[in-house]
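What follows is one structure encoded as structure tokens, with my remarks underneath.
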Amino acid sequence: MSDYDYDLFVIGGGSGGVRAARQSAAAGARVGLAESSRMGGTCVIRGCVPKKIMVFASTYRESLAEAQQYGWSVDAGDFDWSVFAPKMRAELDRLEAVYRKLLLNSDITIHDARAVLKDANTVELSTGKTVTAKTILIATGGHPVRPPLPNAELGMVSDDIFLMEELPKSILIIGGGYIACEFAFILKGMGVEVTQYYRGEQILRGFDGEARGLIAESMHEAGIELHVGTDIAAMEKDGAGIRVSATTGSERTFDKVLFATGRKPNTDGLGLEAAGVKAGVKGEVIVDEYSATSAPSIYAIGDVTDRVQLTPVAIREGMAFAQTVFRDNPTPVDHELIPSAVFTQPELGTVGLSEEDARAQEPIEVYATSFRPMRTQFIGKTDKVLMKLIVSKATRKVLGCHIVAPEAGEMIQLAGIAVKMGATKEDFDRTVAVHPTMSEEIVTMREPTRTG
Ligand code: FAD
């Protein structure tokens with residue numbers, strides 16, 4: 001028995017913290033966990049889960065319009081937020097309870113409190129209690145930030161979307177990242193007039209250029225008013241709405257403004273200095289490949305480290321931490337070739353290098369095809385999908401795979417296995433196609449579209 005209250009104290013009951021706590025307890029550690037808000041963290045309460053449920057809700061108008069074209073006599077009518085929102089919130093309550101149960105079943109002590117580091121082995125809780133632990137894990141995640149603009153508090157951030165009492169008639173979304181683009185499609189699908197300002201040249205910076213272009217086209221087709229090279233310059237209350245001046249000189253009033261302008265790690269007032277934990281310029285906890293911080297007894301995982309801000313990555317980091325610290329099996333976190341999806345409509349699924357990044361690295365061949373999918377071509381729609389492979393000329397390995405299509409998130413999970421295994425273009429080619437599907441094109445592209 002050690003002199004500490006716990007072998008491990010986890011600060012934060014989100015994706016990373018919960019997984020790390022459970023895995024460590026399974027290895028025999030005595031674990032305590034503090035959560036200052038709701039168990040489940042960003043992903044379950046104000047991120048992936050409610051967002052995806054909203055994606056589902058937002059697609060029915062289009063699906064039913066398509067169904068009519070296929071011969072069904074149906075009419076979507078109007079979307080009723082007051083019916084949908086309580087159901088969504090009840091589902092989050094259910095999931096939160098599941099998370100709590102999982103922790104309790106693992107004999108983890110839950111503290112519903114904010115935790116602050118006092119030194120490298122001591123944590124003070126907002127309940128007034130002080131606890132000690134041989135190892136402390138910081139898994140406090142991050143929060144959305146508003147730009148430094150007068151009256152910025154008039155605008156919402158992503159957390160607020162899930163708490164809205166009613167849907168606005170019109171909304172201005174500021175930002176061009178995945179959260180901004182996903183909400184643009186979601187809200188448009190629910191019947192809101194959506195305008196989006198993004199100060200850069202093209203939305204979804206960092207993703208493959210051709211894929212970004214196709215998503216932007218889909219936005220225009222969906223009736224989302226996307227303005228690139230445009231930012232918000234000023235905002236003020238205008239009756240029940242918000243008057244917004246843009247950097248381009250235009251002035252318009254919207255019911256709501258949503259800032260999707262970035263996130264910041266939750267480290268303010270966390271006591272990092274007192275515990276000897278070094279942070280970077282954004283406030284992110286600096287860690288090595290084992291998630292160890294500058295204080296030998298303290299580790300950090302997930303969004304608070306600002307490595308890759310995705311739930312499965314936080315979970316992987318939590319599992320690697322437990323292996324390293326409690327299973328005597330030092331396990332570095334593998335951040336290479338992480339597949340991911342953007343839940344726009346259509347979705348973007350991606351793994352590996354974009355064409356632009358690959359081209360800067362080595363000579364490549366690009367195999368790409370953009371076409372009208374059978375399902376919607378049948379009813380005369382003009383929407384297109386994209387299947388794209390980036391191939392190394394030297395090794396023939398597939399360096400990147402990018403798919404823009406309905407359910408691309410589902411497709412890329414599987415393509416990701418092949419890319420992670422180091423599959424070559426020839427491995428893709430000798431795989432027999434599944435017909436008739438959209439993704440069969442991924443194994444039937446014979447001639448490069450371009451090289452370089
Ligand atoms: P979190 O899940 O944020 O958990 C941290 C927890 O720590 C929180 O519950 C917080 O209340 C608590 N906490 C903070 N400070 C303290 C303290 N001092 N004491 C006690 N508790 C504290 N990822 C995907 O993979 N796919 C998606 O589709 C996706 N969609 C997203 C959509 C949105 C709108 C957002 C905002 C995020 C989305 N993400 C998505 C990202 C994903 O949610 C995060 O990467 C993930 O939740 C990070 O997990 P974490 O454990 O690091 O932190």
Side-chain angles (χ1 to χ4, degrees), residues 9-21 32-55 92 95-96 99-100 110-118 123-127 131 136-145 156-162 173 175 177-183 186 258-272 275 283-285 287 291 300-319 321 338-344 347-350 409 412-413:
F9 195 83
V10 180
I11 308 181
S15 310
V18 168
R19 184 59 66 96
L33 181 147
E35 168 54 56
S36 58
S37 173
R38 293 181 62 184
M39 203 62 79
T42 303
C43 175
V44 176
I45 306 297
R46 53 193 90 87
C48 333
V49 173
K51 185 255 331 251
K52 191 81 189 275
I53 295 174
M54 284 179 75
V55 170
L92 306 186
L95 289 171
E96 183 180 5
Y99 268 68
R100 279 185 179 276
I110 297 175
H111 298 266
D112 287 300
R114 178 174 157 77
V116 173
L117 295 162
K118 282 290 135 187
V123 166
E124 192 176 87
L125 300 172
S126 54
T127 49
V131 295
I136 294 172
L137 180 67
I138 302 172
T140 52
H143 62 276
V145 287
M156 299 191 291
V157 290
S158 60
D159 293 357
D160 304 319
I161 287 279
F162 309 113
I173 299 178
Y178 83 91
I179 292 176
C181 297
E182 288 176 344
F183 278 123
I186 289 169
L258 169 67
F259 289 114
T261 43
R263 295 178 63 79
K264 194 178 172 304
N266 284 332
T267 51
D268 285 354
L270 190 59
L272 295 184
E284 76 279 14
V285 176
V287 288
S291 300
I301 55 165
D303 284 8
V304 75
T305 62
D306 196 24
R307 287 177 282 183
V308 180
Q309 296 191 16
L310 290 171
T311 280
V313 177
I315 288 173
R316 277 301 168 102
E317 291 169 358
M319 287 157 69
F321 158 81
I338 296 169
S340 68
V342 178
F343 295 98
T344 42
E347 296 175 5
L348 164 59
T350 181
I412 206 66
Q413 179 69 80

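Fair warning: this is a prediction, and the values are worked out from it, not measured in the lab. Order of listing sets the numbers, starting from 1, for every ligand and every atom in it.
- Using a 4.0 Å heavy-atom cutoff, E182 is absent from the residues neighbouring ligand 1.
- Compare S36, A260, S340 by their heavy atoms: the one nearest to atom 13 (N) of ligand 1 is in S36.
- For ligand 1, the atoms sitting less than 4.0 Å from at least one non-hydrogen atom of A139 are 5 (C), 6 (C), 7 (O), numbered in the order shown with element in parentheses.
- In this structure, of P50, S126, P144, C48, the residue bringing a heavy atom nearest to atom 23 (N) of ligand 1 is C48.
- At least one side-chain heavy atom of I315 sits under 4.5 Å from a side-chain heavy atom of T311.
- Looking only at protein heavy atoms, the nearest one to atom 47 (O) of ligand 1 is C43 N, 3.3 Å.
- When D303, T42, D268, D159 are checked for heavy-atom proximity to atom 44 (C) of ligand 1, D303 turns out nearest.
- When each atom of ligand 1 is checked for a heavy atom of G302 under 4.0 Å away, the hits are 52 (O).
- Counting heavy atoms from C-beta outward, V285 and P265 have side chains that stay 4.5 Å or more apart.
- Taking only nitrogen or oxygen atoms, main chain and side chain alike, R46 does not reach within less than 3.5 Å of ligand 1.
- Residues L310 and S340 approach most closely at CD1-CB, 3.9 Å, considering heavy atoms.
- Residue, atom and distance of the protein heavy atom nearest to atom 33 (C) of ligand 1 are G47 CA, 3.5 Å.
- Counting the atoms of ligand 1 from 1 in the order shown, those under 4.0 Å from a heavy atom of A34 are 20 (C), 21 (N).
- Numbered from 1 in the order shown, with element, the atoms of ligand 1 that lie under 4.0 Å from a heavy atom of G14 read 2 (O), 4 (O), 6 (C), 51 (O).
- You'll find the side chain of R263 reaches within 4.5 Å of the side chain of T42, heavy atoms only.
- Close contacts of ligand 1 with L310, meaning ligand atoms under 4.0 Å from a residue heavy atom, involve 23 (N), 24 (C), 25 (O), 45 (O).
- For the atom pair CG of L270 and CZ of R114, the computed distance is 6.5 Å after rounding to the nearest 0.5 Å.
- Contact detail for M39 and I110: the closest heavy-atom pair is CE-CG2, 3.6 Å.
- With a 4.5 Å cut-off on side-chain heavy atoms, R19 and I301 do not count as touching.
- Residue, atom and distance of the protein heavy atom nearest to atom 12 (C) of ligand 1 are E35 OE1, 3.3 Å.
- Shown in contact with R263 at under 4.0 Å from a heavy atom are these atoms of ligand 1, numbered in order with element: 36 (C).
- For atom 30 (N) of ligand 1, the closest non-hydrogen atom of the protein is K51 NZ, 2.9 Å.
- Nearest protein heavy-atom neighbour of atom 19 (N) of ligand 1: A115 N, 2.9 Å.
- Of the protein's non-hydrogen atoms, T140 O, 3.3 Å is the one closest to atom 14 (C) of ligand 1.
- The shortest contact between atom 51 (O) of ligand 1 and any protein heavy atom is with G16 N, 2.8 Å.
- Y99 is not listed as a side-chain neighbour of I45, based on a closest heavy-atom distance of 4.5 Å or more.
- Counting heavy atoms closer than 4.0 Å to ligand 1, residue A341 contributes nothing at all.
- Among all non-hydrogen protein atoms, the one lying nearest atom 7 (O) of ligand 1 is G12 CA, 3.2 Å.
- Evaluated by nearest non-hydrogen atom to atom 24 (C) of ligand 1, the leading choice among T311, V18, L117 is T311.
- For F343 against K51, the heavy-atom pair with the smallest separation is CD1-NZ, 3.7 Å.
- With contacts defined as side-chain heavy-atom distances shorter than 4.5 Å, the pair I11/L117 qualifies.
- Interface of Y178 with ligand 1, defined as ligand atoms under 4.0 Å from a residue heavy atom, comprises 29 (C), 30 (N), 31 (C), 37 (C), 38 (C), 39 (N), 40 (C), 41 (C).
- Residues in residues 302-317 take part in these salt bridge (Lys or Arg N to Asp or Glu O under 4.0 Å) pairs, two or more places apart or across chains: K282-D306, R307-E317.
- V287 and S291 make their closest contact through CG1-O, 3.6 Å (heavy atoms, listed as atom of the first residue, atom of the second, distance).
- P50 places a side-chain heavy atom less than 4.5 Å from the side chain of L92.
- In summary, the atoms of ligand 1 found under 4.0 Å from a heavy atom of P312, numbered by their order in the structure, are 25 (O).
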